[in-house]
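One structure below.
Only heavy atoms go into these numbers, but all of them, side chains included; no hydrogens, no water, no symmetry mates. One-based numbering along the sequence shown. Everything quoted here is computed from the prediction, not taken from an experiment.
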Amino acid sequence: ELQRKMAALKEEKKDLLQGVADIVDESDKEGMRIAIKLKKEVNPKDVLPVLFKHTALESSFSINMVAIADGKPQLMGLLDVIAYYVSYQREVVLNRSKWEYEEARAREHILQGLVIAVQNIDEVIAIIKNANSTTDAKQKLRSTFDLSDKQAQAILDLRLARITKLETTKLVSELREIESQIARLQVIINSKKEQMNVIKQELGAIKRAYRQDRKSEIVSSVKDTVVPSETDEKPVEGVAIALAYDHTFKRIPIKNFNMSTKDVVGVPSNAVYSRVIETETNCKIMLFSNYGNCYQAKVCDLPESKYRDKGLTLKQVFGEAQAGEYPIAVFAMPVEEMPQGELLMFTRQGLVKRTDWSEYKLLKNAFQGYKTKDADELFDVQAAQEGSQIFYVTNRGGCTKFNMDEIPLQGRVASGVKCITLASGEYVVCACQVPADDKGEVLMVTDKGYVKRLPIAEIARHARNCKGAKGIEFGTANGSSVVFASFVAQGADYPIAILDRASTYIVDASGVSIEGKNTKGKLPKGKKGAIVVEKVWQYKAVPDEVFKLKKSKK
């Protein structure tokens, strides 16, 4: 309808829109879009007021906000509506707190009697055993221990299983929790400030659960609107390029990335990121895929996404991408320059290649970056760090460590060299660069949820392409394979999310015990029984400093 109105206006009142060359409908399945193409000499800001005035591009609506307040209908503004709502919520919080307080006091009263009973259980049993009736037993308990009628009845109803040491401890623990809850409820009931804090917390939880960004932008006047032109110089903006666990990637404004909550529990895999780099819109990115191909694009040409939006597949951006191909690493650099240094490429079958960055200075958007072999795939690409060692971990728990200078420098399409000898069914889980001074640990997670930090110094340095040593022991109760491993620098924050069939739980490396190579690790704190690990996510809450590449010196 808007497009028809514009076209009619252009035909009927040619003098109003004489600067419009064409009106094109560019709507598709992604959404609606109308492109108004102007003649070269026309300023877009001169055409916009005409469209606002004579079409539905700008519409005004009047609202009568009538609501029942104080028992009668009233015309209220937005602030009045919010004030009444908050006042009502305060009544809800106060009444709820009073009810919970009475319930907690009643439970506290019963628990106090039960604790007295279990602490004097022999005397209680003797009184009950020698009583003539239930009423007699109740009366004797009340007089002996100064109990109320309800407390005495609760003791008579107490099952024998509750008098064990474990159950006694639970009763005492529950009593302490109830006392703490009562103290908290008393503060809420007696303080308007605390009641308002509760309202803030509950509204914040609703906001996080049902958050939805505005679909329209509100400006104070027409002067604040900006009509972009193809000839305008685009401002340089900071962005984060993120690789998600659903094998997609995004360009996210750095402000949106920093302000977004980094929850991973119950969050879809498109909003949990395995690798994040910070760059600017005047740079380009280079993506490496699991098939060994390299794709490059200008950052400004990538569509902008929000933190939790669905990402882009390689095929959506690069038509040359194949089915099943996805990005495994991303780097950012100036459009006309290449970084200094070298790249390391690792495959699941234990091959590694060291290549100079200059090998990838090509103008093509897509080209071969590594020649993969059958039944093998590239799983990581890293910028080589001078003076580091290479550390390998396999699914069987095998570990090896050797100097980087043992890897020869090769060309762009070379297949690399073998770095570890693998048994049948064995594959590489982690290949990382570790300090030459052996400081730090390798975090390991098994398929049954056992975790530990293995000191790098525990593994002796070997020559390249050896079997290495076993870095973890598998018992009959704790699984048969390593599903995740990664280097953890000393003192670094390193959270991972472990997903099993029942739930998702967060483990920070700082809370994982450091153990030798002949141990099996421990279950995370608070976890008991068998765990079947389905996924392990090492998620990024801030852009990774390792992948910020230096500009080359001229």
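Of all heavy-atom pairs between Pro327 and Leu287, the closest is CB-CD2, 4.0 Å. Heavy-atom minimum distance, Pro303 versus Arg251: O-CB, 3.8 Å. Between Val429 and Ala485, the closest heavy-atom pair is CG1-N, 3.9 Å. Closest of all the heavy-atom pairs between Tyr307 and Asn256 is N-OD1, 3.0 Å. In this structure, Ala242 and Val276 approach most closely via the heavy-atom pair CB-CG2, 4.0 Å. Contact record, Leu454 with Cys399: CD2-SG, 4.2 Å, taken as the closest heavy-atom pair.
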Apply side chain to side chain contact (heavy atoms under 4.5 Å, CB included) to Val381 and Tyr370, showing your working.
CA-CA 10 Å; Val381 179; Tyr370 181 90; over 6 Å; no

Which is it for Ser486 and Tyr494 under the side chain to side chain donor-acceptor pair (under 3.5 Å) test, yes or no, and what are the steps along the way?
CA-CA 10 Å; Ser486 185; Tyr494 198 96; 2.4 Å; yes

Take Ile252 and Tyr273 through the test side chain to side chain contact (heavy atoms under 4.5 Å, CB included) and record every step on the way to the result.
CA-CA 12 Å; Ile252 308 170; Tyr273 304 113; 3.7 Å; yes

Before you tell me yes or no, could you show the steps for Asn465 and Phe402 under side chain to side chain contact (heavy atoms under 4.5 Å, CB included), namely the whole-Å CA-CA distance, both residues' side-chain angles and the distance that decides it to 0.1 Å?
CA-CA 9 Å; Asn465 195 22; Phe402 56 88; over 6 Å; no

Take Tyr450 and Leu523 through the side chain to side chain contact (heavy atoms under 4.5 Å, CB included) test and state the conclusion after the steps.
CA-CA 5 Å; Tyr450 283 76; Leu523 287 174; 3.8 Å; yes

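For Tyr427 and Phe379, the ring centers are positioned 6.0 Å apart or more. For Tyr326 and Tyr245, the distance between ring centers is not under 6.0 angstrom.
Residue Thr261 forms a side chain to side chain donor-acceptor pair (under 3.5 Å) with just one option from Arg208, Arg211, Arg308, and that option is Arg308. For the side chain to side chain contact (heavy atoms under 4.5 Å, CB included) with Asp405, the lone residue among Ile407, Asn403, Leu409 that qualifies is Asn403. Each of Thr372, Asp380, Asn290, Asp376 was scored for a side chain to side chain donor-acceptor pair (under 3.5 Å) with Thr347, with one residue passing: Asp376.
Side chain of Gln538 to main chain of Phe484: no donor-acceptor pair is present (N/O by atom type, distance under 3.5 Å, no hydrogens or angles). With hydrogens and angles disregarded, no donor-acceptor distance shorter than 3.5 Å links the side chain of Glu278 to the backbone of Val239. Proximity of a side-chain donor or acceptor of Gln296 to a complementary backbone N or O of Phe367 within less than 3.5 Å is not detected. Side-chain atoms of Arg453 come within 3.5 Å of backbone atoms of Val512 as a donor-acceptor pair (strictly under, hydrogens ignored). Gln316 contributes a side-chain N or O that, together with a main-chain N or O of Thr313, makes up a donor-acceptor pair within less than 3.5 Å. Under a 3.5 Å cut-off, the side chain of Tyr360 and the backbone N or O of Gly369 do form a donor-acceptor pair. Side-chain N or O atoms of Glu320 include none that pairs as donor or acceptor with a backbone N or O of Ala366 at under 3.5 Å.
Asp447 is not listed as a side-chain neighbour of Asn395, based on a closest heavy-atom distance of 4.5 Å or more. The shortest side-chain heavy-atom distance between Thr446 and Val533 does not fall under the 4.5 Å cut-off. Within the 4.5 Å cutoff, side-chain heavy atoms of Ile456 are placed close to those of Pro435. The shortest distance between side-chain heavy atoms of Val352 and Val417 falls below 4.5 Å. A heavy-atom distance below 4.5 Å is found between the side chains of Leu38 and Val20. Residues Glu325 and Phe318 form no side-chain contact, since every pair of their non-hydrogen atoms from C-beta on lies 4.5 Å or further apart. Using a 4.5 Å heavy-atom threshold, the side chains of Lys373 and Gln349 count as separate. A heavy-atom distance below 4.5 Å is not found between the side chains of Val507 and Val445.
By the 6.0 Å and 45° rule, Lys262 stacks over the aromatic ring of Phe257.
The CD atom of Glu441 lies 10.5 Å from the OG atom of Ser513; values are rounded to the nearest 0.5 Å. Atom CZ of Arg464 is separated from atom OG1 of Thr421 by 10.0 Å, given to the nearest 0.5 angstrom. The NZ atom of Lys306 sits 10.5 Å away from the CD atom of Gln212 when rounded to the nearest 0.5 Å. Distance NZ/Lys535 to CG/Asp500: 12.5 Å, rounded to 0.5 Å. The distance from the OG atom of Ser415 to the CG atom of Leu351 is 7.5 Å, given to the nearest 0.5 Å. In this structure, SG on Cys419 lies 14.0 Å from NE2 on His462, to the nearest 0.5 angstrom.
Ring planes of Phe331 and Phe288: perpendicular class, angle over 60° (limits at 30 and 60°).
A 6.0 Å sphere centred on NZ of Lys315 holds more than 12 heavy atoms belonging to other residues, nucleotides or ligands. The local environment of CD in Glu26 is crowded, with over 12 non-hydrogen atoms from other residues, nucleotides or ligands closer than 6.0 Å. Atom CD of Glu217 is surrounded by 12 or fewer heavy atoms from other residues, nucleotides or ligands within 6.0 Å.
Under the rule for a salt bridge (Lys or Arg N to Asp or Glu O under 4.0 Å), the partners of Asp438 that lie at least two apart in sequence or sit in another chain are Lys401.
The residues Glu342 and Arg354 are annotated as salt-bridged, a charged nitrogen and a carboxylate oxygen being separated by less than 4.0 angstrom. Using a 4.0 Å cut-off between charged side-chain N and carboxylate O, Glu473 and Lys520 make no salt bridge. We find that Lys452 and Glu515 are not joined by a salt bridge, their nearest charged nitrogen and carboxylate oxygen being 4.0 Å or further apart. Under the 4.0 Å criterion applied to side-chain N and carboxylate O atoms, Arg412 and Glu359 are not assigned as salt-bridge partners. A salt bridge between Lys250 and Asp309 is absent, with no side-chain N of the basic residue lying under 4.0 Å from a carboxylate O of the acidic one. Salt bridge absent: Lys255 and Glu237 never bring a charged side-chain N and a carboxylate O closer than 4.0 Å.
Judged by distance alone, the side chains of Lys353 and Gln410 never bring a donor and an acceptor atom under 3.5 Å apart.
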